[in-house]
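Remember, it's a predicted structure, so these values are computed and weren't measured experimentally. Letters A, B, ... mirror the listed sequences (proteins, then strands); counts begin at 1.
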Amino acid sequence: MSELQYDALVVGSGISGMESALKLGDMGYKVLVVEKAPSVGGKMILLSKVFPTLDCASCISTPKMGATIHHPNLTVLTYSEVKGIRPVNGRYEVTVKRKARYVDEAACTGCRQCEMNCKVAVPDEYNADLVSRRAAYIAFPQAVPKKAVIERAGTSPCTFSCPAGIKAHGYVALIRAGEYEKAFQLVCEATPLVGSLGRACYAPCESECTRGRLEGPLSIRRLKRFVADLHYSRPRVAPEIPPSNGKKVAVIGSGPAGLTAAWHLARKGYEVKIFEAAPVAGGMLRLALPPYRLPGEVVDQDVANVTDLGVTIATNTKVEDLEALKREGYDAVLLAIGTHLGTKLRVPGEDLEGVMRASEFLRAAKLGEPLPVEGKRVVVIGGGNVAMDAARTALRLGAASVQAVSLEALYEMPAHPWEVAEAKAEGVAFKHSCGVSRFVGDGRVEKVELLHCVSVFDEQGRFNPKYSKNAGSLACDLVVVAAGMRPDAGEFGLPINPSGTLQVDPHSLQTAVPWVFAAGDVVTGPSMITTAAGQGRRAAYMIDRFLQGLDFDTPDYESDLPMVDKDVVLARQATYRHLPARSASEEVIKLKPGEFYPEEETLTEEQALYCASRCLDCGVCSECHECVKVCPADCIHLEMKQPEDLKVEVGTVILATGYTLFPADNKPQYGYGKFKNVITGMQMDRLLAPTRPYNNVLRPGDGKVPENIAFVLCTGSRDQTLGSPLCSRICCMYSIKHNQLIMGALPLADVTVYYMDIRAANKGYNEFFEQAKAMGANFVKGRVASIKEKENGDLILRYEDIESGEIRETEHDLVVLAVGVRPNLEVSELFLFCDLQLDNYSFVGEADEDRDPGATNLPGVFVAGTASGARDIPDSILHAGAAVAQAAAYLEKLRAGGNGAGMNGAGAYDASTSGTAGAVGAEHLASVSAGEVE
Amino acid sequence: MTISSTRDVREIIREEQSMRRRILALVQEQSLTIPEIAEALGCPTSEVTYWVMGMRKYGHLVEEREVTDEGYYRYRAVE
């Protein structure tokens with residue numbers, strides 16, 4: 001954590017914060033300004049104009065914003081938060097959390113290309129939620145600094161859970177935006193196996209999908225299949241082959257790990273050759289997965305992605321001598337040979353004719369080799385996914401019956417529940433909690449004798465089945481044993497584990513021989529396609545580093561943020577529309593046994609869009625990388641780390657944390673949030689601002705130009721029922737400002753103001769009020785009781801006319817609630833080991849507002865502007881001036897009591913030798929630190 | 001014509017991306033008001049306002065100069 005020293009900390013950069021910082025900076029003090037938002041300016045920069053002069057708010061604010069950022073004595077940290085302020089030896093130690101923008105601020109030109117191409121739309125808080133912004137955004141057009149921010153709440157669960165590193169949220173967002181080819185290419189950033197994964201992936205992304213807590217997860221895998229099928233339905237376009245880097249890599253095995261590694265290495269310019277022992281490329285994809293799950297032609301398309309890059313594949317070529325490859329000029333070798341040996345049961349009769357390993361059975365079925373299945377009784381031994389594949393394949397090949405025997409009870413089976421359910425639905429019979437005691441037959445298997453299995457694992461969790469009694473026998477003609485797979489890795493002379501897997505460094509995947517790496521099932525044991533693809537990707541990355549002479553100390557390789565909290569995601573919305581996991585038009589087509597075609601259809605475009613539009617954008621940024629691609633300054637870095645918290649020491653603190661606006665939905669009788677043509681004063685300010693969200697002042701309910709607008713004053717102020725007894729001081733005048741601006745923008749519109757009394761005490765305010773009346777604004781003295789909505793979106797206001805005492809109803813087509821000012825309660829959480837005193841209304845308390853404005857109960861801590869109560873802009877500036885004077889005096893006293901260091905010698909203060917005020921402050925702070933003061 | 005929607009604003013705004021192509025298809029050949037787009041989509045006008053204004057902000061749509069007699073702007077796709 002860095003240690004820095006400043007004379008003053010200013011928290012917040014609204015008009016009061018900027019004014020405070022600039023004045024202190026002008027006096028020569030070194031000031032740190034901390035602002036939560038990506039830009040300085042606070043709320044004032046978002047206003048249309050200011051009252052009573054109707055000067056442009058931007059014209060007044062932007063020079064101050066620019067001056068604040070560029071002042072030589074000011075350090076401004078935007079997009080940062082003060083996490084704690086604690087008294088230490090008469091000064092304050094401040095911890096500042098800087099949030100990563102994921103943008104190189106020095107390089108960003110503010111061109112907004114990232115924003116224009118971003119695929120995630122969220123409410124624009126800088127336009128009072130009237131319109132969308134993007135996850136990649138610049139806060140508003142006059143932002144200072146005008147630098148982009150990528151909003152990232154964490155890694156989306158789908159992306160986080162993908163072992164292959166596929167940006168699942170990213171391709172879902174691209175599909176939602178109709179960018180199908182870009183979605184395909186985004187998957188290719190991780191692996192070329194888009195088609196295979198689109199059909200046969202077990203989709204851990206879907207298991208983690210936050211929408212699963214609502215109606216069910218998105219069909220993320222099927223979305224991948226949708227883009228893959230679309231891509232492959234078009235003529236292949238030869239990719240640009242990267243220039244050769246002059247180095248060669250041999251990849252042994254053409255399964256998911258080998259193909260993925262080859263793909264990545266080829267894209268880096270390596271000459272890559274894959275050696276495959278089988279007659280076809282694809283490994284388990286081609287030889288083990290039954291065609292109803294993964295048709296061979298899809299694997300071929302994926303393989304072609306790799307060969308299109310110039311990778312060559314030598315099939316029917318078994319490699320046994322790695323040194324020979326080295327001699328042939330290969331700079332590195334990747335072993336990705338998978339696990340293609342079946343595990344033996346080690347029971348009598350296992351060598352009888354008609355007892356097959358599942359790997360042999362599935363391979364023969366996939367290659368179309370003859371199998372003695374038609375009309376036969378088949379028993380499959382095993383409870384995993386491979387057993388389910390074998391059983392369902394046997395049914396498709398015409399078996400008379402298929403009986404699956406598993407050691408596990410139904411609920412314990414390692415196969416995915418849907419695989420078991422689909423096997424059952426197709427006619428596979430199950431016998432659970434049974435193990436094989438022996439196979440019986442005279443040369444050829446005739447029956448399987450079973451034992452009842454009472455437990456599969458021992459107390460240490462090791463596989464160690466225990467049997468009790470005889471569980472009968474099953475007559476059969478063919479037995480397929482799917483009792484696990486293991487690699488055949490011993491032949492290379494490399495160290496192996498007891499399980500038969502190769503020993504590698506788990507980070508670099510390097511074997512004991514430096515130029516030999518290994519990836520996929522041969523390292524992990526039997527796993528998923530995505531896991532193997534992820535291993536291949538990692539191996540390629542590490543081989544590249546090895547061949548460049550770089551080390552493997554690569555913390556950036558997987559730089560994902562932590563997974564976003566799903567509870568936080570779901571809490572972003574008050575309500576959710578019910579969107580079933582499958583669109584109404586989707587039908588699950590079940591084919592009869594004997595048919596090897598895929599059971600599920602490719603999603604139609606309409607179905608894919610429906611599916612993708614269910615995405616909740618959990619991480620906010622989807623990591624689709626479109627911003628990265630289009631940024632002309634190459635300044636977006638999603639791998640950027642969160643900056644370390646900053647620890648600074650300051651002599652004085654000015655709190656300029658501003659106010660919050662009354663949440664209008666807390667007054668439900670006015671219908672805000674429910675009736676779309678009821679808006680707040682801030683929303684009207686945005687509609688009137690030059691940088692407005694709409695093309696004119698329009699009704700949010702239907703885009704109509706309003707003709708009869710009502711203003712309801714004192715919404716959320718002077719209202720005991722809401723706990724807001726105070727007058728907000730600005731609502732009358734900002735509403736009158738709106739009146740005048742509307743009458744300028746919409747000359748035909750009628751404006752009516754419902755008020756209790758107009759408070760126009762400052763200079764020129766009453767004249768401003770009179771001017772509005774003279775322009776035609778209608779002022780009705782009456783408090784609005786309720787608002788109702790008509791079918792056409794017009795609104796009926798029920799109010800008591802105070803002049804006549806009558807209850808009346810009038811109709812308007814737009815209602816503006818002049819919401820009041822509330823304290824910003826976050827300020828009280830800033831202080832550690834000392835309590836900042838708030839006033840009775842929860843604004844920052846001033847010890848003596850009349851004689852000592854700006855001073856809080858804490859020595860050296862001052863408050864400026866609306867943090868201490870409702871104020872208009874001139875009063876806020878004035879109050880900031882008072883706070884600055886107080887802070888400067890305090891600093892001077894600190895200095896006078898110090899050791900003679902220069903004016904900005906913030907570190908020179910010594911509490912034991914300080915002057916009067918400083919000494920009092922120091923004693924107070926010391927006692928507060930010691931817990932002696934309440 | 002349905003005006004109001006009780007759906008969460010975040011949810012409506014999120015759908016702008018998926019609605020964009022449908023809206024652009026509607027206003028490719030002719031300019032339409034928000035109620036006319038809403039009618040074609042079968043969606044509340046308040047939701048369509050979010051989408052149209054978002055698309056306008058990001059340069060996909062532009063309004064015609066004149067307002068209809070009913071007080072609506074017409075929007076068309078940007079070439």
Chemist: Judged by atom type as modelled, is there a donor-acceptor pair below 3.5 Å linking the side chain of A:Lys674 to the main-chain atoms of B:Thr6?
Modeler: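 Checked: no pair found.
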Chemist: Atom CD in B:Gln17, atom CG in A:Leu174: separation rounded to 0.5 Å?
Modeler: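 Answer for the CD-CG pair, B:Gln17 versus A:Leu174, is 9.5 Å.
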Chemist: Using a heavy-atom distance cut-off of less than 4.5 Å, which residues of residues 20-30 of chain B contact chain A?
Modeler: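 At a heavy-atom separation under 4.5 Å, chain A is reached by B:Arg20, B:Arg21.
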Chemist: Is it the side chain or the backbone of A:Glu115 that comes within 4.5 Å of chain B heavy atoms, both, or neither?
Modeler: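 Both parts, heavy atoms under 4.5 Å.
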Chemist: Sub-3.5 Å donor-acceptor pair from the side chain of B:Ser18 to the main-chain atoms of A:Ser613, do we have one?
Modeler: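 No.
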Chemist: Please check: side-chain N/O of A:Arg577 versus main-chain N/O of B:Ile12, any donor-acceptor pairing under 3.5 Å?
Modeler: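 No; judged by distance alone, with no hydrogens or angles, the pair does not exist.
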Chemist: Kindly compute the distance separating NZ (B:Lys57) from CE (A:Met116), expressed to the nearest 0.5 Å.
Modeler: 10.0 Å
Chemist: Go through the atoms of A:Pro123 and report whether side chain, backbone, both or neither lie under 4.5 Å from a heavy atom of chain B.
Modeler: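 Interface part for A:Pro123: both.
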Chemist: What distance do B:Glu11 atom CD and A:Asp617 atom CG have between them, rounded to the nearest 0.5 Å?
Modeler: 11.5 Å
Chemist: At what distance, to the nearest 0.5 angstrom, does NZ of A:Lys676 lie from OH of B:Tyr50?
Modeler: 5.0 Å
Chemist: For the atom pair OG (A:Ser132) and CH2 (B:Trp51), what is the distance rounded to the nearest 0.5 Å?
Modeler: 12.0 Å
Chemist: Which residues in residues 61-70 of chain B have any heavy atom lying under 4.5 Å from a heavy atom of chain A?
Modeler: B:Glu63, B:Val67, B:Glu70
Chemist: Give a yes-or-no answer on whether the side chains of B:Asp8 and A:Tyr576 include a donor-acceptor pair shorter than 3.5 Å.
Modeler: no
Chemist: Side chain, backbone, both or neither: which part of B:Arg56 has a non-hydrogen atom closer than 4.5 Å to chain A?
Modeler: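 Side chain only.
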Chemist: To the nearest 0.5 Å, what is the distance between CE on B:Met53 and CG on A:Leu698?
Modeler: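 The CG atom of A:Leu698 is 5.0 Å from CE of B:Met53, to the nearest 0.5 Å.
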Chemist: Would you please test A:Val705 and B:Tyr72 for side chain to side chain contact (heavy atoms under 4.5 Å, CB included) and show each step?
Modeler: CA-CA 6 Å; A:Val705 178; B:Tyr72 294 99; over 6 Å; no
Chemist: Under 4.5 Å heavy-atom distance to chain B, tell me which part of A:Arg112 shows up: side chain, backbone, both or neither.
Modeler: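 The answer is the side chain of A:Arg112.
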Chemist: What are the two closest heavy atoms between A:Asp129 and B:Ile13, and how far apart are they?
Modeler: O-CD1, 4.5 Å
Chemist: Could you go through B:Arg14 and A:Arg176, starting from their C-alpha distance and side-chain angles, then the distance that decides it, and tell me whether this counts as side chain to side chain contact (heavy atoms under 4.5 Å, CB included)?
Modeler: CA-CA 10 Å; B:Arg14 194 166 52 235; A:Arg176 181 175 59 193; 3.8 Å; yes
